[in-house]
Amino acid sequence: MVRKTKEAAELTRQQLIDAARQVFLQRGVSRTTVEHIAAAAGVTRGAVYWHFSNKTELFRAMREQVLLPLIDHMDDTLLVEGPEDPLTRIERFLSGTMQFLSEDLTTRQTYEIMMIKCEYVDEFAEVLRQILQNCTGIIEKVRLTYERAKIKGLLRDHADPAQLAMDTHLFFTGLLHMWVKDSENGIYRQQAHELIKAHISLRRR
């Protein structure tokens with residue numbers, strides 16, 4: 001009985017996250033209330049507060065569901081030594097992230113919400129701070145991979161791994177934003193992988 005109760009609670013929690021995602025997409029985050037999410041999920045407002053203390057916590061849960069697999073992918077691709085050279089691993093990490101967006105609707109919708117459906121003010125200012133902290137961690141992992149590329153003599157002369165990592169982060173963040181906004185499947189979605197390949201080739205000796 002306890003197990004069934006726990007499974008039912010987890011099912012309701014996931015139902016709320018899915019409902020929040022759809023309402024955030026339709027209304028935008030700032031115009032969404034807990035009541036809207038409860039109605040979309042077919043539960044009471046009290047059921048929402050049983051699982052989440054507020055809308056911000058629901059937003060974080062939605063975000064973590066897609067970010068954690070991407071972080072695992074990043075760590076496996078960048079930090080685990082394999083037959084590929086470091087620059088190829090960076091390229092594979094960037095292209096793999098775009099592939100996630102292309103193939104997984106939940107990931108794509110969540111990125112759309114984070115990038116164009118949310119204003120990071122008031123209670124969401126803390127969410128923005130967390131996002132920036134995550135970016136710092138990503139930049140550091142990319143920097144370490146560029147450092148390995150430098151040791152192997154793969155980088156152009158005088159290339160600084162720290163500067164390259166920041167440049168790659170800014171390039172990829174811009175590409176992600178434009179890819180998400182390119183709902184008509186235009187140049188950014190069609191050429192994303194080629195743009196990534198060109199970005200990495202400019203660093204290669």
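Along the sequence shown, residues are numbered consecutively beginning with 1.
- Leu68 and Ile113 fall into different hydrophobic clusters, where Ile, Leu, Val, Met, Phe, Trp and Tyr are joined by side-chain heavy atoms under 4.5 Å apart, directly or via other members.
- Between the side chain of Thr97 and the backbone N or O of Phe93 there is at least one donor-acceptor pair closer than 3.5 Å.
- A donor-acceptor pair under 3.5 Å is absent between the side-chain atoms of Glu112 and the main chain of Lys117, judged by distance alone.
- Contact between Gly96 and His73 at its shortest, heavy atoms only, is CA-NE2, 3.8 Å.
- Open room surrounds CZ on Arg31; 12 or fewer heavy atoms of other groups in view lie less than 6.0 Å from it.
- Summarising the geometry of Ala165 relative to Ile139, their closest heavy-atom pair is CB-O, 3.6 Å, with the distance given to 0.1 Å.
- Judged purely by distance below 3.5 Å, without hydrogens or angles, the side chains of Arg63 and Gln130 never pair a donor atom with an acceptor atom.
- In this structure, CZ on Phe59 lies 10.0 Å from NZ on Lys55, to the nearest 0.5 angstrom.
- Annotation: the span from Thr106 atom OG1 to Phe100 atom CZ amounts to 12.5 Å, rounded to 0.5 Å.
- Here the side chains of His169 and Thr173 are in contact, with some heavy-atom distance below 4.5 Å.
- Residues Val180 and Ile187 are members of separate hydrophobic clusters, defined by side-chain heavy-atom contacts under 4.5 angstrom among Ile, Leu, Val, Met, Phe, Trp and Tyr.
- Ring pair Phe171/His199 is parallel by interplanar angle, where below 30° counts as parallel and above 60° as perpendicular.
- The shortest non-hydrogen separation linking Arg27 to Thr32 is CB-OG1, 3.7 Å.
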**Item:** Arg143 and Glu147: CA distance, side-chain angles, deciding distance, salt bridge (Lys or Arg N to Asp or Glu O under 4.0 Å) verdict
**Value:** CA-CA 6 Å; Arg143 184 193 69 78; Glu147 287 279 7; 3.0 Å; yes
**Report entry** Verdict with supporting geometry, Val80 and Asp75, side-chain contact (heavy atoms from CB on, under 4.5 Å)
**Finding:** CA-CA 7 Å; Val80 178; Asp75 291 347; over 6 Å; no
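- Side-chain contact annotation: Tyr146 with Arg203, donor-acceptor N/O pair under 3.5 Å present.
- Here the shortest heavy-atom pairing between Cys118 and Val29 reads CB-CG2, 3.8 Å.
- A donor-acceptor pair under 3.5 Å is formed between the side chain of His36 and the backbone N or O of Thr33.
- The closest side-chain heavy-atom distance from Leu67 to Tyr111 is below 4.5 Å.
- The hydrophobic cluster containing Leu170 does not contain Met115, counting ILVMFWY residues as joined when their side-chain heavy atoms lie under 4.5 angstrom apart, directly or transitively.
- Trp50 is not connected to Val48 by any chain of hydrophobic side-chain contacts under 4.5 Å among Ile, Leu, Val, Met, Phe, Trp and Tyr, and they are in different clusters.
- Put simply, OG1 on Thr110 and CD on Glu64 are 12.0 Å apart, with the number rounded to the nearest 0.5 Å.
- Of all non-hydrogen atoms in Pro161 and Ala159, the two that sit nearest each other are CD-O, 3.5 Å.
- Considering only heavy atoms from C-beta on, Asn54 stays 4.5 Å or farther from Val34 through its side chain.
- Side-chain atoms of Leu155 and Arg205, non-hydrogen and from C-beta on, never get closer than 4.5 Å to each other.
- Atom CZ of Arg45 is surrounded by 12 or fewer heavy atoms from other residues, nucleotides or ligands within 6.0 Å.
- Other residues, nucleotides and ligands place no more than 12 heavy atoms under 6.0 Å from the CD atom of Glu119.
- Using modelled atom types, no side-chain atom of Arg21 and backbone atom of Gln109 make a donor-acceptor pair closer than 3.5 Å.
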| Do Glu57 and Arg60 pass the salt bridge (Lys or Arg N to Asp or Glu O under 4.0 Å) test, and can you show the C-alpha distance, the side-chain angles, and the key distance before you say yes or no? | CA-CA 5 Å; Glu57 190 174 309; Arg60 286 197 187 98; 5.9 Å; no
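- The closest side-chain heavy-atom distance from Thr168 to Leu94 is below 4.5 Å.
- No chain of hydrophobic side-chain contacts below 4.5 Å, direct or via other Ile, Leu, Val, Met, Phe, Trp or Tyr residues, connects Leu144 to Leu154.
- Inter-residue side-chain proximity for Gln65 and Gln14 is flagged as met; some heavy-atom pair is nearer than 4.5 Å.
- Between atom CD1 of residue Ile37 and atom CD1 of residue Ile17 there is a gap of 10.5 Å, rounded to the nearest 0.5 Å.
- When atom types are taken as modelled, the side chain of Thr88 and the backbone of Glu84 share no donor-acceptor pair closer than 3.5 angstrom.
- When Arg148, Lys150, Arg92, Arg204 are each tested for a salt bridge (charged side-chain N to carboxylate O under 4.0 Å, His left out) with Asp85, only one passes: Arg204.
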request  = Could you check Trp179 against Ser102 for side-chain contact (heavy atoms from CB on, under 4.5 Å), going step by step and ending with a plain yes or no?
outcome  = CA-CA 10 Å; Trp179 193 99; Ser102 179; 4.1 Å; yes
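- Note that OG1 of Thr56 and CD of Glu123 are 4.0 Å apart. Values are rounded to the nearest 0.5 Å.
- For the atom pair OG (Ser183) and CD1 (Ile116), the distance works out to 8.0 Å, reported to the nearest 0.5 Å.
- Scanning both residues, Ala61 and Phe52, for their nearest heavy atoms gives CB-CE2, 3.7 Å.
- Evaluation of the salt bridge (charged side-chain N to carboxylate O under 4.0 Å, His left out) test over residues 173-194, restricted to residues two or more places apart or in two chains, returns none.
- Although no hydrogens or angles enter the test, the distance criterion places a donor-acceptor pair under 3.5 Å between the side chain of Ser201 and the main chain of Ala198.
- Arg129 places none of its side-chain heavy atoms less than 4.5 Å from the side chain of Tyr120.
- The shortest distance between side-chain heavy atoms of Tyr188 and Met98 does not fall below 4.5 Å.
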